[in-house]
Structures are given as C-alpha cells and as structure tokens.
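We name chains A, B, ... by the order of the sequence lines, and we start the count at 1 in each one. Model, not experiment: these values are computed from the prediction.
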Amino acid sequence: MKVKIKKWNAVATWRWDLPEDDVCGICQVHFDGTCPTCKYPGDECSLLSGKCGHNFHMHCILEWIKQDSAKGQCPMCRQKFEWNGRPNATETTQGQMLAET
Amino acid sequence: MDWMMSAFVCGAYAGVWSATDRRGLSSVLNTVSRGTGSSVTSPCIISLMDWVENHFARLSFEVLSRISQDSGSPVTLSDLETYQSLALSRLSTLRIAELFDIVLAWPDSRGALDDLRATITTSARRLQLTSHFTQASKTRLLHPGCSTLEILETYIDIIHTFHALDHSKVLLGHVEPSLKLYLWQREDAVRIVVTGLLASPEAVRAARKVKEISKQQPERQKAGKRPEAGARRGAGKGPVVTPTTTGRSSRTPNTTRQRDDLQEPSSKTPGETPIKSRASGTGKLVELALLLNDPTKTRHTLVEDEELDWNDMNWVPDPVDAGANYKRPKSEDVIGTLISALGSEDVFIKEFITIVAERLLSLSDPARFDQELRVLDLLKRRFGEAALQNCDVMIKDIEDSRRLDVAIRRAWDEQRTLTAATPVTMSGHFLRSADKRKKAALQRQQQQQQLEPTQYHARILSRLFWPTLDREHFLLPDPIVEEQKRYEQGYEHLKSNRKLTWLNQLGTVRVELELRDRTVTVDCTTPQATVIYAFNDSEDADSDDTRIEIDNKLPARRTVDELYSTLQMDEDLITSCLEYWVSKNVLRRLRSPTAAAQGPHTYMVIESLSDPIIDEDQPTKDYDDPFGNPTSPATASQEAAQPGESLAEENNKPSTMDPKEQERRTMYWQYIKGMLTNASASMPLAQMAMMMKMLIADGFPWTNEELGEFLAEKIAEGEMEVVSGGKYRLVKK
C-alpha cells in the first residue's frame, strides 16, 4: 500500500515569544489575551517590552505613560521605561510614539 | 325522594357525557387535522351545549316529570345551565387526561386546546391540569427509554402547546420543573440544543420533508379510522336520543359505551410511538434552527423588555395562580425557555463555544461558516455582544489563518524563485525544485516529490479564546514534520515575536491509499492519517523509521506495540485509529496464534479485497470474512474480549469530560496561587477551602479531601510544599 497525503490541515496555537508565561502587569490579563480595550488578540493588541525586562500590552503601557504621575517610569520597577528595540515593524512605530510622548 | 332520583339519574349520565365528549373529541380532532376548527368557541363545546340542551335536558325533563307527579316544569332554565356547566367540567377533565397526547399531536391539536382554554376557568382546575400533566409526562416521557432528543422535541411541543393554552406562561411554569430537573440529568441536552441551532438550512429542509412524509402517514391512518368512528357514534347515539326511554333502560347502552371507552384509550396509547418516529426521522433538533431563523420571533424578543403596552387591547389581568414576582412574557420564545430550562446561560454559551470550536476546526473548507456566523449574530442579540466575544475571536482566527496561509505560501514561492529559477506553480507544491546543489537537499526533495501534491495548511488559534485544547503527543509522518517546520518558520518570519505550538491531534487530512486493486481516498483525522501512514510501503530505503521491512509482496503488518514505539502515540488512540481503518476495509486484524506471538494486536493491510486471505501459518477459517465479522463463536468471544470499538468510545468519553474539569482545576490553581501570594504565604487546607468557597462565584464543589488530593498533585509537580503545621506554601522559583 502506498499512502499519499493529499492535504493536511494542521492546527496550532500561537503565543508571544516570551521567556515566561505571565499576565500583563497593568491589566492583569494574560499576554496572549487582549488588553481591556481590545477585542481581538495578536496583531491588534501587541506587546511592548521595556529594557527593564517588563512586558505589557502596548495599549496598557501607552495609557500608563500618558499619565503625568507615571513620570515615564515602568509601573513594575520604577525604572525609566524605555522600549526595548526588537526588529518588529509595529513596535518600532510604537516606540517612536513613545519617545514623542 | 325526588332529590334522590334526580341525583341517581345524574350519576347514571356521567358516563354518557364523557362518552359523548369522546365522540365530539374524535370529530374535533379530525376536523382540526384537516386544518379547520380554530374558532373561538370550539365546535366540540358548541355541539356539547347543543346536546345538553336538546337531548339531556329533555330526557331529564321527561324522567323527572314522570317520577314527581308535581305540577309545573321540573326542569328550569337554571337547571339547564347547571347541566351545561357540569358537562363542560366533564369535558375539561377529559381534555386534561388527554393533554399529553394533545401535546404530542401539536400543531394538529389546536381545537382540543381551544376546548381546554374555554373550560379551565378555576384555579383548582388549573392545578389539576398541571399536576396531571406532570404525572403523565413523568410516566410517558421522562424515563430512560426516551432519548434526550425526543424529550427535547416534546419539550418544544409542550412550550408551543402551553403557550397556545395560556399566554401568561404560568401553567408552563408549573409544569416545567420536573422536566427541567430531568433534563439536567441528561448531559447531552445542551449539546443537542446547540447542534440543533447550528443545523444548516439544507438539513432543515431535508428534515421538513421527512416530517411531511411522516405526517402524511398518520393522516392516512386517521382517514381510515374515521368512518369507523362515525359509525360508532351513530350507533352509540341512537338509544340515548330517544327521550322516551326511562333512566333504567338508558343504562344498558351506557355500559356498552363504557366498554367502548375502555377500548378507545387503548387505541390511543401508542401515543408514545409517534415521539420516536419523529425524532429518528430528523436526528437533530432542526426546529430550533427554524425558530431562530424566523424573523418574526426574533423581533418579539427585542420588544420584550419594554414596559406595559398601554395600547394593548387584548390585555388580561395576570392569572390568579401567578407567583409574586411574576413578569408577563410577551412572546412565545421557545429558544429562550429551552435555554433557561437547561440551566444558566453561561452553561449554554460555554457549550455553544465548544461546539462552534469543534465545527470550525473540522470544516475542511474554511470559507464556509456562514451558518455559524448567522447563528452567532442571532445569539448575540439574545445574550449580548460580550458573552460571545470568544466566538468572534475564534472566527477571526480562522479567517486570519487563511490569509496567513496565502501569505506564507507566497513568501515561499518568492523564496523559491530566488534560489532556483524554475517555474512557479501556484498550486502549492513547494520545494519541488528545492536547492539542487546540495545532496542532502536532493534527498529531501525526493521525499517531497514522493508526496508532491501535499497541501499543508494550518489554522493558528488564539489559545485563550478557544475552549481548552489538549495537546496529544505523537510523531507525525516525516514529510509532514518537514512541512510543519517550514510553516513555522514562515509564520515566525511574518509575525515576529510569536511562536507556534502545534496541536497534532487536531486537524483534518485527506489521504489517498493506493492498494493493489483499488485506490481509496479518505478524509480523516490527523492521528488516523498518522497511523495509516505507518503502513506505507516506500520503495526507497532511506526512510529512517524503525519500520520493519517486510517482503514487499506481503502486505504491511504492524502491531500496536510497534506503532506505539514509532509514533509515541497513546495506545488507546492507536487502537481506535486502527479500528477506524478496519471499518474502512483497509486494515484487517490478525488473530492467529503466530500473529499473537508477534504482538498482542497485529493489523495487516488488505491489499486487494478479492484476495483469499493469504496467511501462510494461519487457519483460514477465521479469515473467511474480510470484514472481520467473526464466523465462529470462539472468535466472537475473542472479539468480545478485545473490543476495539468500545475502546474508541471509552477514549472519547474522558476527552469530552476532561476539558471542563481541567479548566476548573486551572482556575482553582490560579485562586490558590493568588491566595498564597496575596493573603498569606502559607495556609492550612481548611482555611484554603473556606476561602475558596467564599471567593469563587460559581461555588466550590470540592470537599476538603478533594482539595487535599489536588494540592498533593501540585506538591508532586513541585509547585507547592508543605511546611510546619501542615500548611501549604508555594515553592519559590
């Protein structure tokens, strides 16, 4: 008998490539989920990781940085929050936005 | 003396009334089934009134005037009214007794319901109705002999009937509890409702046809019965009509009639059979899909929240037996009633999500989920947007995956045109001309060419929004592993910072099996494909499997143990997959002692169906039948001892139960972790259980022992530890 596989429909799940599987420090929702304002995870609600090693939902940390009381600090470690550059197109633009704010 | 006599006459006529009612009923049923008879006062009541006035009253007049030698009329007009109301109450008793059959005959039984509506006027009678119906449904419907589908179908009819009977739904509310309680015991109830909702329009149409056919049959039967009933009516009425007969002589026909009555219900009792025939015809609760798609019904639900409508000219006060916080429902709302009967909305939504997930994953063509989308939209109107957000994400995942699939494929094509200047075929045979310069690549290419037309697609899911998807470990066929890697690379290239986790056990495969005398194309699941791929004969010996090379002329043979070691698949799963292929007539199970010596379960490919089973060292009598049907009692017992199919079933059961339990466990674990980080670092078991009982909104059903077991598991996993005083603590990492 010869078996020919004509078509293979596989199923996979995606996850953010992070060392640990955790929740966003601001909204307490899983990174693979969405921030409270978003409906769809993934592209529409990406992550932003700071140089201090803390990751957040992009929308969450942007909201946080906008506040005066935040003083541009990471909400977790109170270091200055700087975007940790990674070759990601969306994140670059967001990083620029962050620099402007 | 006078009073005693009249009482006696009345008593003697009790049976006559109900007998006449019977006659009336059968005629009403007949007229209604022909589609007439939905007037406000039913023909049955009219005829009954007429009969009381013209026959019964006259008779009693005669009788009474003979017995009492008083002057003046012994029967007054008020007496007539009493007689009539008595007659009506008899009628309602009869209808109440028949209510279950009326429900089953819905919607052909509207006439009988009109009778009932007109006659149940007192709260005592309403109570009698509900209690009697509950009793009837308990004995006739709510027993293990009825499938859940049948019960649900009858339930829908009950909702319809009681709504027609009583718009306030109070009666329905009284009848429902026993049904609800029973349905809660049926685990598959929610599932059946959901699949019914998701039934495709084609299925609905087909079911309708089936229904029409099955409806025509009883009608024909009825038509056959009708003349007979009419004849009996004529015969029965004869003696009663003659007003000259005395009370005593009228009793003789009466007794014969009573015998008739005894016979008639017996002809009616097969009421239970129609349920079955109906359900088996459709197989699904397609009524729900019909109702859901009915635009008028959905509009009603929207209006329902509004306050009292002051322009409602048909307004009637709330029924007397309504509860304290009774709220008047405006519409029939079968689906709403049904869903609320099955427990909370959450339960329903959860089940809905699970089933939608299954359907989305099993669809071979991802373009076609219009049905799901439509049902989803309709359900959103009912439950609100937020409750069904997961479904949105799920559908978007599937759509995105399709787009991504195209994008990844395009990226590959570009890559290929860059590396090798061969013509690009758009049909997705990538790697056909992969780098020819390297030998290793050449080898790989050979492999690729071997299953050249494989189309590899993937669906990438957002895991938090899907119901718990278990990961089942096993090794995929080598070419697929290659494809998987490539796909993963393509994905990670497109979406940086993201990783994929493959769920090998999910997905669909189309395999083509080239056997000696036939070619079989089968759509199957991934484990099934993997198992059958292990039986693949490959000419080139480069395959790296621990595959046992048998003489090419002999059909391939594998034992479960071999498969277990090569595929690393769960043994039960292997067995169920093998059984699947046995059922497809591709594999055959060997039972000979020598085969048994090779391994407990050996399976062999059926290369050609016409072949006499060649198995050099086996007694052939076991293999006369390629379908694996046992020919001797010995094999039968053997087969009973090793039931592959039942294994498959058993295998399915825990997998349907597990996700819920697992979800619950992970949730509890989150709570425990939260408690031990936020409240106090270490805690005794009892305190933990108490806090969880307080914290968890759905309630915490575990006993302390169960929680203890769970914590012990966590300790075994190294997540927790026990410190002094039997307190539990999280292990610091």
Side-chain angles (χ1 to χ4, degrees), chain A residues 1-25 27-50 53-58 61 76 83-95, chain B residues 361 364 366 389 392-393 396-397 400 450-451 453-466 469 477 479-480 483-484 487-488 491-492 495-504 506-516 521 526 529 532-533 535-538 555-556 586 605 607:
Chain A
M1 180 177 63
K2 271 195 90 168
V3 181
K4 277 188 184 168
I5 298 170
K6 289 284 187 192
K7 203 173 172 186
W8 189 285
N9 286 317
V11 177
T13 57
W14 64 267
R15 72 195 135 81
W16 292 108
D17 186 14
L18 295 172
E20 87 274 31
D21 217 22
D22 208 357
V23 295
C24 168
C27 65
Q28 298 292 324
V29 175
H30 212 278
F31 281 132
D32 295 346
T34 62
C35 72
T37 50
C38 281
K39 208 174 160 206
Y40 299 109
D43 291 335
E44 287 180 26
C45 190
S46 56
L47 297 191
L48 209 58
S49 40
H54 290 118
N55 303 302
F56 304 99
H57 287 127
M58 186 182 77
I61 188 69
M76 302 295 273
W83 168 66
N84 184 14
R86 259 196 251 180
N88 184 328
T90 55
E91 283 191 11
T92 324
T93 51
Q94 293 308 329
Chain B
L361 290 180
S364 54
Q389 205 226 316
D392 280 339
V393 176
K396 189 171 177 289
D397 275 345
D400 282 354
Q450 191 194 329
L451 64 136
T454 301
Q455 292 185 28
Y456 190 84
H457 301 282
R459 284 169 208 180
I460 316 293
L461 316 179
S462 307
R463 64 191 166 96
L464 295 178
F465 295 83
W466 289 72
L469 304 160
I480 297 304
E483 291 294 324
Q484 206 172 59
Y487 202 96
E488 207 170 322
Y491 181 84
E492 276 159 28
K495 309 246 172 188
S496 54
N497 281 344
R498 292 212 224 166
K499 286 255 180 280
L500 287 184
T501 312
W502 293 99
L503 299 165
N504 285 348
L506 292 175
T508 53
V509 185
R510 172 167 293 166
V511 288
E512 195 182 271
L513 309 175
E514 278 177 25
L515 296 150
R516 205 172 292 152
T521 310
T526 46
I532 200 66
Y533 194 79
F535 287 84
N536 189 21
D537 296 329
S538 54
V586 173
V605 177
E607 279 288 358

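The two atoms that bring Tyr456(B) and Ala10(A) nearest to each other are OH-CB, 3.2 Å, heavy atoms only. A pairwise comparison of heavy atoms in Asp32(A) and Leu464(B) identifies C-CD1, 3.6 Å as the closest pair.
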Exercise for review: Start with the C-alpha gap between Glu44(A) and Lys396(B), add the side-chain angles, then the distance that decides, and say whether side-chain contact (heavy atoms from CB on, under 4.5 Å) holds.
Suggested key: CA-CA 12 Å; Glu44(A) 287 180 26; Lys396(B) 189 171 177 289; 3.2 Å; yes
Review point. Would Arg459(B) and Asn9(A) satisfy side-chain contact (heavy atoms from CB on, under 4.5 Å), going step by step from the backbone distance to the final call?
Key: CA-CA 7 Å; Arg459(B) 284 169 208 180; Asn9(A) 286 317; 4.3 Å; yes
Check your understanding: Going through the checks in order, is the side-chain contact (heavy atoms from CB on, under 4.5 Å) test met by Arg463(B) and His30(A)?
Key -> CA-CA 11 Å; Arg463(B) 64 191 166 96; His30(A) 212 278; 3.1 Å; yes
Exercise for review: Walk me through it: do Ile5(A) and Tyr533(B) pass the test side-chain contact (heavy atoms from CB on, under 4.5 Å)?
Suggested key: CA-CA 8 Å; Ile5(A) 298 170; Tyr533(B) 194 79; 3.7 Å; yes
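Gln389(B) places a side-chain N or O within donor-acceptor distance of the main-chain N or O of Lys39(A), the cut-off being under 3.5 Å.
Taking Tyr491(B), Trp502(B), Trp466(B) one by one and counting their heavy-atom pairs under 4.5 Å with chain A, the maximum is reached by Trp502(B). Note on Gln484(B), His457(B), Glu488(B), Glu492(B): by heavy-atom pairs under 4.5 Å with chain A, the leading option is His457(B).
Expressed to the nearest 0.5 Å, how far CG of Leu500(B) lies from CZ of Arg15(A) amounts to 8.0 Å. Note: Glu512(B) CD to Lys4(A) NZ = 5.5 Å, rounded to the nearest 0.5 Å.
Residue Asp392(B) touches chain A through both its backbone and its side chain, counting heavy-atom pairs closer than 4.5 Å. Residue Tyr487(B) does not touch chain A at all, counting heavy-atom pairs closer than 4.5 Å.
Side-chain contact check for Trp8(A) versus Thr526(B): some heavy-atom pair is nearer than 4.5 Å. For the pair Ile460(B)/Thr13(A), no side-chain contact is recorded, criterion being any heavy-atom separation below 4.5 Å from C-beta on. Looking at Val393(B) and Pro41(A), their side chains come closer than 4.5 Å, going by heavy atoms from C-beta outward.
Cation-pi geometry between Arg498(B) and Trp16(A) is satisfied (NZ or CZ under 6.0 Å from the ring centre, within 45° of the ring normal).
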